Protein chains: 2
Amino acid sequence: MTGKRPGYFEENNEPISARIATGLHKIGLAMKQQSWQQANGVGLSATQGQILATLVASGPLTGKELSERLGVTLPTISDSVRVLVEKAMVTRSADPRHPRASLLTPTAAGAALGARARSWPEFMADAVADLAPEEQRAFFAGIVKMIRMLQEQGLVPVSGMCVTCKHFRPNVRTGPAPHHCAFVDAPLSSEQLRLDCPEHELAAESARREVWEQFMRRA
Amino acid sequence: MTGKRPGYFEENNEPISARIATGLHKIGLAMKQQSWQQANGVGLSATQGQILATLVASGPLTGKELSERLGVTLPTISDSVRVLVEKAMVTRSADPRHPRASLLTPTAAGAALGARARSWPEFMADAVADLAPEEQRAFFAGIVKMIRMLQEQGLVPVSGMCVTCKHFRPNVRTGPAPHHCAFVDAPLSSEQLRLDCPEHELAAESARREVWEQFMRRA
DNA sequence: GATGTAACTTAGGACTCCTAAGTAGTCAGG
DNA sequence: CCTGACTACTTAGGAGTCCTAAGTTACATC
């Protein structure tokens, strides 16, 4: 079992970054299927479930905001929302901030389903639950950096990540929790970073870059 | 900057596994959008591109095999294939193995587009290319373990992963490349594991479990 | 009051994806 | 040899996804 072709896999393998991409692709396949099935299980479509989940998670939003968060165009949202209104899952109300906008608020039934829909990605959490804590941390760190990169390229909607937030202070102390959130005035560690913080406020372009550099300096 | 609420993020944060799931969800969003856009850019639909990419990567397949790999039902494939035949991207030929099956082979034009489609997930590879090699290894290790878990649960089609292959011998030696592939008779390291090996042969259920245990013992 | 702007909505069309109901080869048993 | 089961598809029908393009409508500005 010593192996007759010691260098085989150095020469005949895709780079690890490409294999990471392949792996994420496979995981994406599972996500797509799961959300389809779970949504159908409760009598919704996948997008309808996502809309309800988002409204429950973030509070009332306008159609425009929804379309940005879910990465689809306004007409697509408009269509799904119409069905949700027909199903009495959401109600429209005037938005004080914009003239022609309407805030979408889930009804009791909609909120209940939205809460369930929020747990749809849980099957992935279960799939990583068996990893050692340190492996989870490393995995998470990779994801954070990858998402940040995708955001830079405009491939992912900028969403509530600590590392793009104006309240985030990276590496301001030593120890296990080197970062700081100025909003809640609390220290936090790299593995406590949020990806979907409700209090997130996007920092200015230049500040974002600076924060990121500071963060990477001792990530 | 000492922080007035030191325990805030211990108490008010989702578990790391849930945040990993959220992150993967966001990455999935980007994948969906990217494949839509890239496919449209070359005059295909997303599934059509995937079909061509799969045929280029794996050689001629039947409709059934395609439906299993892409995780959709046979009618969906059948429909897309009809369009691809109309577009002269693939041709059908008899399959010696099955009576009523037909092997799908890309034409020259189809193969060219399929080759391009294979590179669609590359934007993700680019997004992780900036990570330190060690971070990439850790990220990859998490992905491998996660996919294996998803396969166990039947949420992902069993695909050419070393860790489910009958030629894979985990942890048979010490050093940087502890595993061994009996097919090519070459040593390989954890970060060289393949997710999509064309020579993959699924090991029997019991052997799979044993191989995995052996692999995890010193992963 | 005309023009613009922002946030929708509607219309139309291509694709996705399913279930259910055919169809067509082959093979095994009688 | 013929019938029935099996397998691999195909067709039909229907809901949903997603886009672009073309309206609508409320308010803000000039």
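Order of the sequence lines fixes the chain letters, A, B, ..., with proteins taken first and strands second; residue numbering starts at 1 for each chain. Computed over heavy atoms, backbone and side chain alike; hydrogens, waters and symmetry mates excluded. Here the structure is a predicted model, which means the values were calculated and not measured.
- The pair A:R69-A:E65 fails the salt-bridge criterion, with no side-chain N (NZ, NE, NH1 or NH2) lying under 4.0 Å from an Asp/Glu carboxylate O.
- Here D:dT17 is the nucleotide among D:dT17, C:dC8, C:dC17 with the atom lying nearest to any side-chain atom of A:T47.
- Between A:Q38 atom CD and C:dC17 atom P the separation is 17 Å, expressed in whole Å.
- Side-chain contact between B:V128 and B:M124: absent, with no pair of heavy atoms (C-beta onward) separated by less than 4.5 Å.
- Rounded to whole angstrom, the span from the CH2 atom of A:W36 across to the P atom of D:dG16 amounts to 10 Å.
- A:E86 and A:R82 are joined by a salt bridge, as a carboxylate oxygen and a charged side-chain nitrogen come within less than 4.0 angstrom of each other.
- When rounded to the nearest whole Å, the span between NZ of B:K87 and P of C:dC15 equals 6 Å.
- A close approach under 4.0 Å does not occur between any side-chain nitrogen or oxygen of B:S78 and OP1 or OP2 of D:dC9.
- The distance between atom CG of B:L66 and atom C1' of D:dT10, rounded to the nearest whole Å, is 16 Å.
- Residue A:K32 has a polar side-chain atom (N or O) positioned under 4.0 Å from OP1 or OP2 of C:dC17.
- Using a 4.0 Å cut-off, some side-chain N or O of A:R92 falls inside it from OP1 or OP2 of C:dT9.
- For the pair A:P75 and A:Q48, nearest-nucleotide mapping onto DNA chain D gives the more 5' position to A:Q48.
- Distances shown here put a side-chain N or O of B:T62 below 4.0 Å from the OP1 or OP2 atom of D:dC9.
- Taking atom CG of residue A:L103 and atom P of nucleotide C:dC8, one finds them 9 Å apart after rounding to whole Å.
- When every heavy atom of A:G28 is checked against every heavy atom of B:M31, the shortest pair comes out as CA-CE, 3.6 Å.
- Side-chain proximity of B:D79 to D:dT17, C:dT16, D:dC9: nearest is C:dT16.
- At the heavy-atom level, A:T73 lies under 4.0 Å from base atoms of the strands shown.
- Residue-level contact check: A:S45 touches the backbone only, with heavy atoms under 4.0 Å from sugar-phosphate atoms and none from bases.
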